[in-house]
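Report on one structure; see the data block that follows.
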Amino acid sequence: MREEALKSLFPMMVERRRHLHRHPELSFKEHKTSAYVADILTKLGVDTVVKAGGNGIIATIRGKLPGKTVALRADMDALPIQDEKACDYASEVPGVMHACGHDAHTAVLLAVTEYFISRRETLQGEIRLLFQPAEEVCPGGALGLIEAGALDGVDVIYGVHLWTPIPVGTAASRPGPMMASTDEFFIELSGRGGHGGMPHAAVDSVVAGAALVLQLQSVVSRSVNPLDPAVVTIGSIHGGTAQNVIADTCRLAGTVRCFQEETRSIIRTRIEQLAEGTAQAYGAGVAIDYMTGYPSLANHPEEYERFREVAERETGLSSGLSPQIMPAEDFAYYLQRIPGCFMLVGAGNPEKNAVYPHHHPKFDIDEEAMLHAASLLIAMAEAYQEKQS
Ligand SMILES: [Zn+2]
Ligand SMILES: [Zn+2]
């Protein structure tokens with residue numbers, strides 16, 4: 001019955017997804033997207049629609065039967081990427097693109113809303129719908145929604161990410177840490193500029209910077225348990241202006257990914273120690289700007305079990321254990337506060353050209369995956385309510 005209902009909602013899901021795909025908006029700037037969603041929610045007749053946390057929306061559907069409160073979340077923001085797809089729903093905004101599938105997440109949650117609205121008479125408890133802005137840019141939109149009360153009185157939360165690395169028709173999740181934490185750091189080494197032919201009269205910040213890049217390679221290899229995945233990447237190094245001038249300053253920027261808070265703090269300490277120690281060894285000064293991003297996303301084991309039971313039995317998706325993956329997700333903040341599960345729904349399909357990784361200029365999904373994602377969210381919410389009653 002659920003499948004039939006969703007099938008009838010599918011054309012609208014596709015239409016809404018393509019509308020959002022044509023009109024993407026960057027993180028923290030989802031004004032039109034938010035208004036579009038709020039308008040649909042109001043027309044559908046949800047019980048409350050509240051704008052919260054910037055462009056976020058918290059909506060509720062109260063069932064006629066008693067029960068718990070289940071929150072379902074979709075993110076809405078796009079990325080600063082030029083859309084290179086050749087199709088009629090390609091982005092109409094230069095340099096901005098839904099290259100992560102958040103347009104589809106929004107369309108999915110709107111269809112889920114429609115489904116529950118039409119079943120209010122038999123719906124247990126409350127469905128809390130979270131349309132979240134700014135997933136792609138730290139500090140993210142989740143915290144703003146939480147501060148606005150998105151999780152007040154909520155018993156459990158579920159979220160999905162359409163995922164092209166796995167084929168359409170499959171779903172995956174994982175108990176405990178599934179997605180990495182993400183931090184960024186910026187290091188500025190200050191030497192003393194001078195003549196390229198007279199190094200003894202200068203302090204070369206480029207030599208200190210080059211040494212530091214190599215020193216930092218020892219953080220993961222020497223200070224982190226080899227059984228605990230972690231990454232330290234220096235993505236950028238800049239110093240100097242000319243071949244015969246000793247550079248006054250050298251700037252490094254990097255990212256840190258890992259799964260355990262303890263590891264995260266070890267890595268931060270080691271980066272700071274090596275930066276200070278290397279600067280000192282080369283007679284340079286150092287300024288470190290370390291920015292803490294999203295924590296690791298850790299699913300609650302009980303809710304992961306529910307996913308395993310529900311995915312195959314209720315939605316027919318072939319479900320499995322996801323490996324740990326290094327992208328980060330601010331859904332992690334919800335899971336730090338209440339039980340829940342974040343699930344990857346296969347959206348890859350070579351026949352529909354859905355072969356590119358997320359954040360690629362030709363990224364696309366197999367839209368059938370939206371049906372699966374909606375079905376999974378509904379099945380999880382219903383299974384949770386049934387277990388409680
Ligand atoms: Zn993304
Ligand atoms: Zn994403």
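For this chain, numbers begin at 1 and follow the sequence in order. Whatever order the structure lists them in is the order used to number ligands and atoms, beginning at 1.
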Can Tyr158 and Tyr384 be said to form a side chain to side chain contact (heavy atoms under 4.5 Å, CB included), step by step? CA-CA 10 Å; Tyr158 302 118; Tyr384 181 84; 3.5 Å; yes
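- Tyr356 and Phe363 have their aromatic ring centers separated by at least 6.0 angstrom.
- The Zn ion (ligand 1) has Cys100 SG, Glu136 OE1, Glu136 OE2, His359 NE2 as its protein N, O or S neighbours under 2.8 Å.
- With Phe185 as the fixed residue, the side-chain contact (heavy atoms from CB on, under 4.5 Å) test singles out one of Ile267, Ile234, Asp289: Ile234.
- Using a 30° and 60° split on the angle between ring planes, Tyr36 and His19 fall in the parallel class, below 30°.
- The salt bridge (charged side-chain N to carboxylate O under 4.0 Å, His left out) analysis of residues 172-185, with sequence neighbours excluded, yields the pairs Asp183-Arg264.
- Between Pro80 and Leu26 the shortest heavy-atom distance is N-CD2, 3.4 Å.
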